[in-house]
Amino acid sequence: MRLRHKIAIFTDKYPLIGPLVWILSVQYFITQFIVAAAWDSGYSWRYNVISDLGNTVCGQYSGRFVCSPDNFLMNLSFVMLGLTMASGSLLIYQEFKESRASFIGFSLMALAGFGTVLVGLFPENTVKAMHAFGAFLALFVGNVSLVILALALRRVRKSFRAYTLLSGVVSILAFILFISGTYLGVGQGGMERIVSYPQTLWLILFGIYMTHSHFRNRKTP
């Protein structure tokens, strides 16, 4: 109880920290481009999955050739993204203690962050069960949280809530296609990105939305 009180005091004093933490998720996109560029064999955004960038060995893996010299950088990015997802959820939730649904939504996003950390700590070629479990939390549970938050955050603009719902629904449908091996011509890597990218983009945009909202409220007399 004392810790909850301290967190609430902190977020009241520094309301922009949570949104800024989520905006830092942009590093995930930047890191992928940097790590992919280091592949001598050429990284395929269509056929190689994101986890291939963190694979720690060179050779054939699940029918794909993988050789990622900067795998440590990618795995560090996974861990950093997971930590920002979890910590940002904890901080931003303090502003949206509106209902049990908002608590569930932010809790699931934090859980997805934990899964993303596992993806970085256990690259795809190491402890496969832990990597797969982490990926499930990140790719499925995280997108379920978007659907719940779209319905729970009543003080957020309707247009942004609609965007949140669309992101979650599209990503969940793409997840079902991805695990069923149905790639609709975009390849395994392309379909995984339809599952993953909307969620990370949402984190960044929601962080920007909240930051703008706070600055706008400060200017209002």
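Below, each value reflects all heavy atoms present in this structure, side chains not excepted, and no hydrogens, waters or symmetry copies. In what follows, residues are counted from 1 in the order of the sequence shown.
Checked against a 6.0 Å centroid threshold, the rings of Phe136 and Phe133 do not count as neighbours. If you look at Tyr197 and Phe29, their ring centroids are closer than 6.0 Å.
Although no hydrogens or angles enter the test, the distance criterion places a donor-acceptor pair under 3.5 Å between the side chain of Ser68 and the main chain of Leu53. With hydrogens and angles ignored, the 3.5 Å screen pairs a side-chain donor or acceptor of Tyr209 with a backbone N or O of Arg157. No donor-acceptor distance shorter than 3.5 angstrom exists from the side chain of Asp52 to the backbone of Asn48, with no hydrogens or angles considered. Between the side chain of Asn125 and the backbone N or O of Thr56, at least one donor-acceptor pair lies under 3.5 Å. Between the Ser213 side chain and the Met210 main chain, no donor and acceptor come within less than 3.5 Å of each other. Distance alone, capped at 3.5 Å, places no donor-acceptor pair between the Arg46 side chain and the Gly190 backbone. Judged purely by atom type and a 3.5 angstrom limit, Arg155 uses its side chain to pair as donor or acceptor with the backbone of Glu95. Proximity of a side-chain donor or acceptor of Ser180 to a complementary backbone N or O of Leu177 within less than 3.5 Å is detected. Proximity of a side-chain donor or acceptor of Ser77 to a complementary backbone N or O of Leu73 within less than 3.5 Å is not detected. Between the side chain of Asn75 and the backbone N or O of Gly54 there is at least one donor-acceptor pair closer than 3.5 Å.
Looking at every heavy atom in both residues, Pro69 comes nearest to Cys67 through CD-O, 3.3 Å. Contact record, Ser25 with Leu203: OG-CD1, 3.9 Å, taken as the closest heavy-atom pair. Here the closest non-hydrogen pair linking Ile17 and Leu91 is CG2-CD1, 3.8 Å. Across every non-hydrogen atom of Ile148 and Ala101, the tightest pair is CG2-O, 3.3 Å. Looking at every heavy atom in both residues, Ser102 comes nearest to Leu149 through O-CD2, 4.2 Å. Across Gln27 and Leu81, no two heavy atoms sit closer than the pair NE2-N, 3.5 Å.
Atoms CG and CH2, on Leu166 and Trp202 in that order, are 13.5 Å from each other to the nearest 0.5 Å. Going from atom CE of Met191 over to atom CD1 of Ile194 covers 4.5 Å, rounded to the nearest 0.5 Å. Of the inter-residue distances, the one linking Ile92 atom CD1 with Met109 atom CE reads 9.5 Å to the nearest 0.5 angstrom. The distance from atom CG of Leu111 to atom CE of Met85, rounded to the nearest 0.5 Å, is 9.5 Å.
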Next item on the list: Please assess Ser167 against Gln199 for the test side chain to side chain donor-acceptor pair (under 3.5 Å), listing each intermediate value before the final yes or no.
Entry: CA-CA 7 Å; Ser167 295; Gln199 179 190 129; over 6 Å; no

Next item on the list: Report the C-alpha distance between Leu146 and Ser171 in whole Å, list the side-chain angles of each, state the deciding distance to 0.1 Å, and finish with yes or no for side chain to side chain contact (heavy atoms under 4.5 Å, CB included).
Entry: CA-CA 10 Å; Leu146 291 185; Ser171 294; 5.6 Å; no

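Residues in residues 182-208 take part in no salt bridge (Lys or Arg N to Asp or Glu O under 4.0 Å) pair, two or more places apart or across chains. Counting only residues at least two apart or on different chains, no ring-ring contact (aromatic ring centres under 6.0 Å, His included) pair has a member in residues 51-72. Identified under the salt bridge (Lys or Arg N to Asp or Glu O under 4.0 Å) test for residues 123-150, with sequence neighbours left out: Arg64-Glu124.
A side-chain donor-acceptor contact under 3.5 Å links Ser51 and His131. In this model, no donor atom of one side chain and acceptor atom of the other lie less than 3.5 Å apart for Thr84 and Trp22.
Hydrophobic clustering (side-chain heavy atoms under 4.5 Å, transitive across Ile, Leu, Val, Met, Phe, Trp, Tyr) groups Val21 together with Tyr14. Both Leu201 and Tyr28 are members of a single hydrophobic cluster when ILVMFWY side chains are connected at heavy-atom separations under 4.5 Å. In the hydrophobic clustering of ILVMFWY residues, with side-chain heavy atoms under 4.5 Å counting as a link, Ile104 and Leu151 come out apart. Under a hydrophobic-cluster definition in which Ile, Leu, Val, Met, Phe, Trp and Tyr are linked whenever side-chain heavy atoms come within less than 4.5 Å, directly or via other members, Ile179 and Val141 are assigned to the same cluster. Hydrophobic clustering, with ILVMFWY side chains joined whenever heavy atoms are under 4.5 angstrom apart, groups Phe160 together with Leu16.
For Tyr43, the ring pair (Phe, Tyr, Trp, His ring centres under 6.0 Å) test picks out Trp39, Trp45, with sequence neighbours left out. Residues passing the ring pair (Phe, Tyr, Trp, His ring centres under 6.0 Å) test with Phe178: none are found, sequence neighbours excluded.
Side-chain contact between Met130 and Leu121 is absent, with no heavy atoms from C-beta onward closer than 4.5 Å. Residues Thr211 and Ile23 are in side-chain contact: their nearest non-hydrogen atoms beyond the backbone lie under 4.5 Å apart. Counting heavy atoms from C-beta on, the side chains of Leu153 and Phe106 come closer than 4.5 Å. No side-chain heavy atom of Asn55 sits under 4.5 Å from any side-chain heavy atom of Asn71. A heavy-atom distance below 4.5 Å is not found between the side chains of Val66 and Cys58. Side-chain contact between Phe103 and Phe96: absent, with no pair of heavy atoms (C-beta onward) separated by less than 4.5 Å.
In this structure, Arg100 places its CZ atom where only 12 or fewer heavy-atom neighbours from other residues, nucleotides or ligands lie under 6.0 Å away. Within a 6.0 Å sphere centred on NZ of Lys158, other residues, nucleotides and ligands contribute 12 heavy atoms or fewer.
Using the six-membered ring where Trp is involved, Phe140 and Phe175 have ring planes that are tilted, between 30° and 60° apart.
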Side-chain donor-acceptor distances from residues 112-119 under 3.5 Å, at least two apart:
{"unit_1": "Thr116", "atom_1": "OG1", "unit_2": "Ala112", "atom_2": "O", "d": "2.9"}

